[in-house]
**Student:** 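Next up is a structure, given as structure tokens.
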Amino acid sequence: MMALPGGRHLDSIPLPGQRLHLMQVDSVQRWMEDLKLMTECECMCVLQAKPISLEEDAQGDLILAGGPGPGDPLQLLLKRGWVISTELRRIGQKLAQDRWARVHSMSVRLTCHARSMVSEYTAVSRSSSQEMGQVEKLLMEKCSELSAVTERCLQVENEHVLKSMKACVSETLSTLGQHFGQLLELALTREVQALVRKIDASDNIYTTESTTGNLFSLTQEGAPLCRIIAKEGGVVALFKVCRQDSFRCLYPQALRTLASICCVEEGVHQLEKVDGVLCLADILTDNSHSEATRAEAAAVVAQVTSPHLPFTQHLSSFLESMEEIVTALVKLCQEASSGEVFLLASAALANITFFDTMACEMLLQLNAIRVLLEACSDKQRVDTPYTRDQIVTILANMSVLEQCASDIIQENGVQLIMGMLSEKPRSGTPAEVAACERVQQKAAVTLARLSRDPDVAREAVRLSCMSRLIELCRSPSERNSSDAVLVACLAALRRLAGVCPEGLQDSDFQQLVQPRLVDSFLLCSNMEESFV
């Protein structure tokens, strides 16, 4: 079947006999039969006459012009919000380039998007607060003002006048952005309040599951929405779910949502207010809960003890339950049936070792070193650099304790650390490469700390650790040109050389050990591959 322009086919055109039949039918029906061909032809004419924009973002214009499909108010707000935020950013870019025609056309389109968001949300929500109404009015006024002033700029040719008008446009754009952000926050807050009320009042498992799922989806939109959820009682409502036996099957979903919310300070504060740490400890120590539930509880613990978030260091309630939590996490690592469960439990333990030094002593008493090193030989539990990153973090933090050295030797831990110095990425993704760098760096740090003990140092030399450290120092590709790995390797090499200097060649000693650390660092960081 041969295709014609416009998507038509030869068999869609009436043959002479069919034409004769069509002439005998009602004229309206005849018109309707012909309408398809006529309109397609008209569309083709319009498309052929339409100029193709040379702007590099013309494709984006078409994408942005499409409004959100039918759905709930939240999806409408998120989709329209993304479109308008993108438009605001791009108008700012075009304004900086003095491309006034584009600035004006995009300002007109921005006004359309803003008007659509307001009208569509009003139609779906069916009511609006007085405050929202005032902000909507201010937003639309600024949109009109922006369109008008950018249109005037098109008529101006004097550069000095344009420069002063540019400042006015920039100020209007900034104020418009503030009004838009305020309106979006008010609308999202209102929708979050409705979700939280629904979770709080529901005794139906399906309603609670659906609503909790919606709340989790919102947490994936970023920190601002997590703050809104925390402020509007989301943490309180989710812990209420986690304290009801009738909702046990929803615990993993609720805990996963809590872990996402606690990436912001407001979430952690709310968790502490409702004794959330105690609830997490109860879940982790209760073997009647599924492994999935305890793993998600471990994820929340990992989040609220993260050393990268300054506000988590003031979680005073955690210390009261720390021993129970650490014990439960070590057990979860030991019994983990998958790599994901082990990763979550070990990440929580790694963060806790930063949180309080007493945790390292607890881990030593619980034979955590044996548990972790045994897991390293189990590919089902430990098969990624991300997991090895958690293990070596725990070992590095525990290695400050003197007793740790004997446990490491007893469990053949030096050989495992030696293997970590050779960690290589499989996929080459930036995240995996960064994880491998962290593993190498922390392995070197652990080795340097443990080598205070002569027995560990001699074992490291016997396993050719010094050769590998020298290779990492001298060959940038071996450490992915990481300065952090280089510094850690130089420190470990110097510690080993202090115990067994005979393991070094003269050139290595003179370049990597004898000079000041900063001089050796500068020498190695400037080395080219051809030098090796």
**Student:** In plain terms, say whether Glu423 and Arg388 are close enough for a salt bridge, that is, a side-chain N and a carboxylate O under 4.0 Å apart.
**Tutor:** yes
**Student:** Would you say Ser202's side chain and Ile199's backbone share a donor-acceptor pair under 3.5 angstrom?
**Tutor:** no
**Student:** Go through it in stages, so that I can follow the logic: the residues are Thr172 and Thr175, the test is side-chain hydrogen bond (donor to acceptor under 3.5 Å, both in side chains), and I'd like the CA-CA distance, side-chain angles, deciding distance and then a yes or no.
**Tutor:** CA-CA 5 Å; Thr172 303; Thr175 306; over 6 Å; no
**Student:** Return yes if a side-chain donor-acceptor contact under 3.5 Å exists between Arg381 and Ser337, otherwise no.
**Tutor:** no
**Student:** For the backbone of Trp82 and the side chain of Ser85, can you confirm whether one donor and one acceptor N or O come within less than 3.5 Å of each other?
**Tutor:** no
**Student:** Whether the side chain of Gln440 engages the backbone of Glu478 through a donor-acceptor N/O pair (distance < 3.5 Å, no angle test) should be reported.
**Tutor:** yes
**Student:** Do Arg190 and Met132 come close enough that some side-chain heavy atom pair is under 4.5 Å?
**Tutor:** yes
**Student:** Between Arg452 and Ser399, does a side-chain hydrogen bond (donor to acceptor under 3.5 Å, both in side chains) hold up when you go through it step by step?
**Tutor:** CA-CA 10 Å; Arg452 295 189 310 267; Ser399 62; 5.8 Å; no
**Student:** Do the non-hydrogen side-chain atoms of Phe318 and Glu272 ever get within less than 4.5 Å of each other?
**Tutor:** no
**Student:** What pairs of residues pass the salt bridge (Lys or Arg N to Asp or Glu O under 4.0 Å) test when at least one of them lies in residues 401-416, not counting sequence neighbours?
**Tutor:** none
**Student:** Is Glu120 paired with Arg115 through a side-chain N to carboxylate O contact shorter than 4.0 Å?
**Tutor:** no
**Student:** Going through the checks in order, is the salt bridge (charged side-chain N to carboxylate O under 4.0 Å, His left out) test met by Glu291 and Arg294?
**Tutor:** CA-CA 5 Å; Glu291 183 184 67; Arg294 285 178 287 141; 5.7 Å; no
**Student:** Between the side chain of Tyr251 and the main-chain N/O of Cys242, is any donor-acceptor distance below 3.5 Å?
**Tutor:** yes
**Student:** Between Leu284 and Ala298, what is the shortest heavy-atom contact and its length?
**Tutor:** CD2-N, 4.0 Å
**Student:** What I want to find out is whether Asp383 reaches Arg426 closely enough, with some N-O distance under 4.0 Å, to be called a salt bridge.
**Tutor:** no
**Student:** Show your working on side-chain hydrogen bond (donor to acceptor under 3.5 Å, both in side chains) between Asp286 and Ser288 and close with a plain yes or no.
**Tutor:** CA-CA 5 Å; Asp286 187 350; Ser288 67; 2.6 Å; yes
**Student:** Less than 4.5 Å apart, any side-chain heavy atom of Leu110 and any of Leu176?
**Tutor:** yes
**Student:** Are side-chain heavy atoms of Glu191 and Tyr121 found at a separation under 4.5 Å?
**Tutor:** yes
**Student:** Could you check whether any side-chain heavy atom of Met420 comes within less than 4.5 Å of a side-chain heavy atom of Gln441, counting everything from C-beta outward?
**Tutor:** no
**Student:** Do Asn351 and Thr393 touch side chain to side chain, with heavy atoms closer than 4.5 Å?
**Tutor:** no
**Student:** I'd like a table of donor-acceptor pairs (distance under 3.5 Å, sequence neighbours excluded) in which one partner is a side-chain atom from residues 214-232, with atom names and distances.
**Tutor:**
from   : atom 1 : to     : atom 2 : distance (Å)
Ser217 : OG     : Gly213 : O      : 3.1
Thr219 : OG1    : Phe216 : O      : 2.5
Gln220 : NE2    : Ser260 : OG     : 3.3
Glu232 : OE1    : Gln193 : NE2    : 3.0

**Student:** Can you tell if the side chain of Ile394 reaches within under 4.5 Å of the side chain of Leu372, non-hydrogen atoms only?
**Tutor:** yes
**Student:** Side chains of Thr207 and Ser210: any donor to acceptor distance under 3.5 Å?
**Tutor:** no
**Student:** Return yes if a side-chain donor-acceptor contact under 3.5 Å exists between Thr285 and Glu324, otherwise no.
**Tutor:** no
**Student:** Any salt bridge linking Glu437 with Arg479? Criterion: basic side-chain nitrogen under 4.0 Å from a carboxylate oxygen.
**Tutor:** no
**Student:** How far apart are the C-alpha atoms of Thr387 and Thr384, what are their side-chain angles, what is the distance that settles it, and do they pass the side-chain hydrogen bond (donor to acceptor under 3.5 Å, both in side chains) test?
**Tutor:** CA-CA 6 Å; Thr387 309; Thr384 68; 3.1 Å; yes
**Student:** Among Ile409, Val414, Val445, Ile408, which residue satisfies the side chain to side chain contact (heavy atoms under 4.5 Å, CB included) criterion with Leu450?
**Tutor:** Ile408
**Student:** Which residues pass the salt bridge (Lys or Arg N to Asp or Glu O under 4.0 Å) test with Glu471, not counting sequence neighbours?
**Tutor:** Arg468
**Student:** I'd like to check Gln303 versus Cys263 (side-chain heavy atoms, cut-off strictly below 4.5 Å). Are they in contact?
**Tutor:** yes
